[in-house]
Amino acid sequence: MNTAEFLLMVVKWWGAIGALVALVFLTVGMDRIDEDADGAYVFRPLLIPGILLIWPLVLWRWYCLAFETDHWAHRYKPRRHNHRIFAYVMPIAIVLVIAAGLSVRQQWPAHIAPEQLSAPEASQ
Amino acid sequence: MSVKYIPVQWNRSKWVYDALMLIAVTLFLYVFLFVSPEVLSHEAPINPQVHNARAFGACAFLMLTVILCIGPLARIDRRFLPLLYNRRHFGVMTAFVAITHAGYILNWYFAFSNSDKYEALLFANTSYGQLAGFPFEAFGIFALICLLILAATSHDFWMKFLTPPVWKRIHASIYLAYVAVVAHVSLGILQDQQNHVFTVIFIGGALTVAGLHAYAAWQEDRRGDELGADQDGWIDICDASEIEEGLAKIKILPNGERVAVFRHEGKLNAISNACAHQNGPLGEGRIIDCLVTCPWHGFQYDVRNGRSPAPFTEKIPTYNLRIENGHVQVHRDANPPGTPVEPVEVPA
């Protein structure tokens, strides 16, 4: 098995486990942890892609809510400082990446006509 | 808002926003594909598959660029706040456009070998040790995964389920995705670009995003909310007369949280500055019909108890408040969300 095959196998297993989590969570688990979901069924299929992608996080949050390990104050801590880091680091990264791209870009003089390096007969 | 989840919370403003967005995307694709081939260097014969891939790729880049400009613009100038209102729909549509781009690429460049096309995408170029000829597809795959996660977790359920801080951390990956898209383009199509119109549009767009974010952050550093002075557990906010009717004064508490002290009908109340919905800055909103209204998405709370009006169920923490020698002081410990606090009269 090469690396590409291995990565695709990981993706398939990730999706399969996610599908299982989605099935149980959307049919049994959700009603017990969120009163707003009680009797609301039409929106649930919309959640399937999200569960497939981040099912470990879903399991963790499901556990926190089911066993009430959350502290209410944690819901009200805006991550403004995180944003500040991104706001300064992202511009630097953008400039560096563009500069890197331009530095390896090959420029060919437009006035030079294409030249055949060897005759077709010679290469056969 | 809460009550019962529905698939999409439409209202007139969102219909208009989405309709305009759809028209703009259609117009962009039409212009790219049919009107301006010579401007964008498409006069060379390329097949429709490649042409479509480029059109959707350029559209996704432009949409992402606009999305990332909205946040800093709204912080720099409040007149841009309406654009923030329905940004999530914008993001979901961008993810669909990006998937279409990826689909055209996969079904052309990787579809005609004996290998599975997804495997071919991963092993076709593995020159990770060099900059020239770097497998730029990897950056595109990473950005696409980020966009898919953001789109798939955009429903309000996710915000409540994951909590706004966790949700916002996940959605901060949009910045990584954008840098990855810039790398994807810089090491990809930019290497082969003969016509400089595209180069100028691409670099101009990316630098606009970079510049706006840096400027907005620098401005917030200069003029942002201040840390309140602690006096035996009570935090000094300001002189009572400094708070205008219907508006708030925001201060940072020693634990890093923000409190908003509102004045309503000559009385003061203190609530958390973070909206329960997306942690929007409530203190930058105003009181409408006795309710504090979040400037981001219009969620409302009674300033006296931090509760949304029935039938909605959102709650935010409140703070005890007192006036000492004409100075407003807030206790540093928040009350549990929805706790009523008696308003304090502003001295005449």
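Because only heavy atoms are used, hydrogens play no part in the values below, and waters and symmetry mates are left out as well, while side chains stay in. Keep in mind the model is a prediction, meaning the values are calculated, not measured. Each chain gets a letter, A, B and so on, in the order its sequence line appears, and its residues count up from 1.
- Counting non-hydrogen atoms of neighbouring residues, nucleotides and ligands closer than 6.0 angstrom, the CZ atom of B/Phe96 reaches no more than 12 such neighbours.
- Checked against a 6.0 Å centroid threshold, the rings of B/Phe61 and B/Phe198 do not count as neighbours.
- Checked by atom type, the side-chain pair B/Tyr178/B/Thr65 shows a donor-acceptor distance below 3.5 Å.
- Note: B/Phe161 leads B/Trp218, B/Tyr215, B/Trp167, B/Phe161 in heavy-atom pairs under 4.5 Å with chain A.
- The CD1 atom of B/Ile250 sits 5.0 Å away from the CD atom of B/Glu284 when rounded to the nearest 0.5 Å.
- When side chains are defined from C-beta on, B/Thr163 counts as touching A/Arg61, because their heavy atoms get closer than 4.5 Å.
- Residue B/Thr126: no heavy atom, backbone or side chain, is found under 4.5 Å from chain A.
- Contact annotation for residues 202-214 of chain B against chain A (heavy-atom separation below 4.5 Å, listed by residue number): B/Phe202, B/Ile203, B/Ala206, B/Leu207, B/Val209, B/Ala210, B/His213, B/Ala214.
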Inset, instruction - Please assess B/Leu150 against B/Val92 for the test side chain to side chain contact (heavy atoms under 4.5 Å, CB included), listing each intermediate value before the final yes or no. - result: CA-CA 8 Å; B/Leu150 303 198; B/Val92 172; over 6 Å; no
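- The closest donor-acceptor contact from the side chain of B/Thr318 to the backbone of B/Thr339 lies under 3.5 Å.
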Legend entry - Test log, rule side chain to side chain contact (heavy atoms under 4.5 Å, CB included), inputs B/Leu162 and B/Arg169: CA-CA 10 Å; B/Leu162 297 171; B/Arg169 274 186 183 144; over 6 Å; no
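- With a 4.5 angstrom heavy-atom cutoff, B/Leu190 touches chain A via backbone and side-chain atoms both.
- Taking the six-membered ring for Trp and the full ring otherwise, B/His331 and B/Tyr319 have centroids separated by 6.0 Å or more.
- Taking 4.5 Å as the heavy-atom cut-off, the residues of residues 50-58 of chain A that approach chain B are A/Gly50, A/Ile51, A/Leu53, A/Ile54, A/Leu57, A/Val58, ordered by number.
- Most heavy-atom pairs under 4.5 Å with chain B: of the set A/Trp60, A/Tyr41, A/Phe25, this distinction falls to A/Phe25.
- Between B/Tyr5 and B/His155, the ring planes lie perpendicular to each other; the angle is over 60°, past the 30° to 60° tilted range.
- Per-residue heavy-atom pair counts under 4.5 Å with chain B were compared for A/Val95, A/Leu46, A/Leu65, A/Leu47, and the maximum is reached by A/Leu47.
- For chain B, the option among A/Asp38, A/Asn2, A/Ile33 with the highest count of heavy-atom pairs below 4.5 Å is A/Asp38.
- Most heavy-atom pairs under 4.5 Å with chain A, from the set B/Leu187, B/Ile149, B/Val185, B/Thr153: that is B/Ile149.
- For B/Asn335, the part lying under 4.5 angstrom from a heavy atom of chain A is the backbone only.
- Panel note: side chain B/His277, backbone B/Pro164; no donor-acceptor pair is recorded below 3.5 Å.
- Residues from residues 3-16 of chain A that place a non-hydrogen atom less than 4.5 Å from a non-hydrogen atom of chain B comprise A/Ala4, A/Glu5, A/Leu7, A/Leu8, given in numerical order.
- Scanning both residues, B/Ala217 and A/Ala87, for their nearest heavy atoms gives CB-CB, 3.5 Å.
- The salt bridge (charged side-chain N to carboxylate O under 4.0 Å, His left out) test applied to B/Asp116 returns no partner, not counting sequence neighbours.
- For A/Tyr63, the OH atom sits in a loose shell: 12 or fewer heavy atoms of surrounding residues, nucleotides or ligands are nearer than 6.0 Å.
- Interface remark: B/Ile170 contributes side-chain atoms only to the contact with chain A (heavy atom separation under 4.5 Å).
- Around atom CZ of A/Phe67, no more than 12 heavy atoms belonging to other residues, nucleotides or ligands sit under 6.0 Å away.
- Within the 3.5 Å criterion, the main-chain N or O of B/Ile252 finds no donor-acceptor partner in the side chain of B/Glu257.
- Only the side chain of B/Phe157 has a heavy atom closer than 4.5 Å to any heavy atom of chain A.
- Under a 4.0 Å N-O distance rule, the pair B/Arg88/B/Asp156 qualifies as a salt bridge.
- For B/Phe134 and B/Phe139, the distance between ring centers is under 6.0 angstrom.
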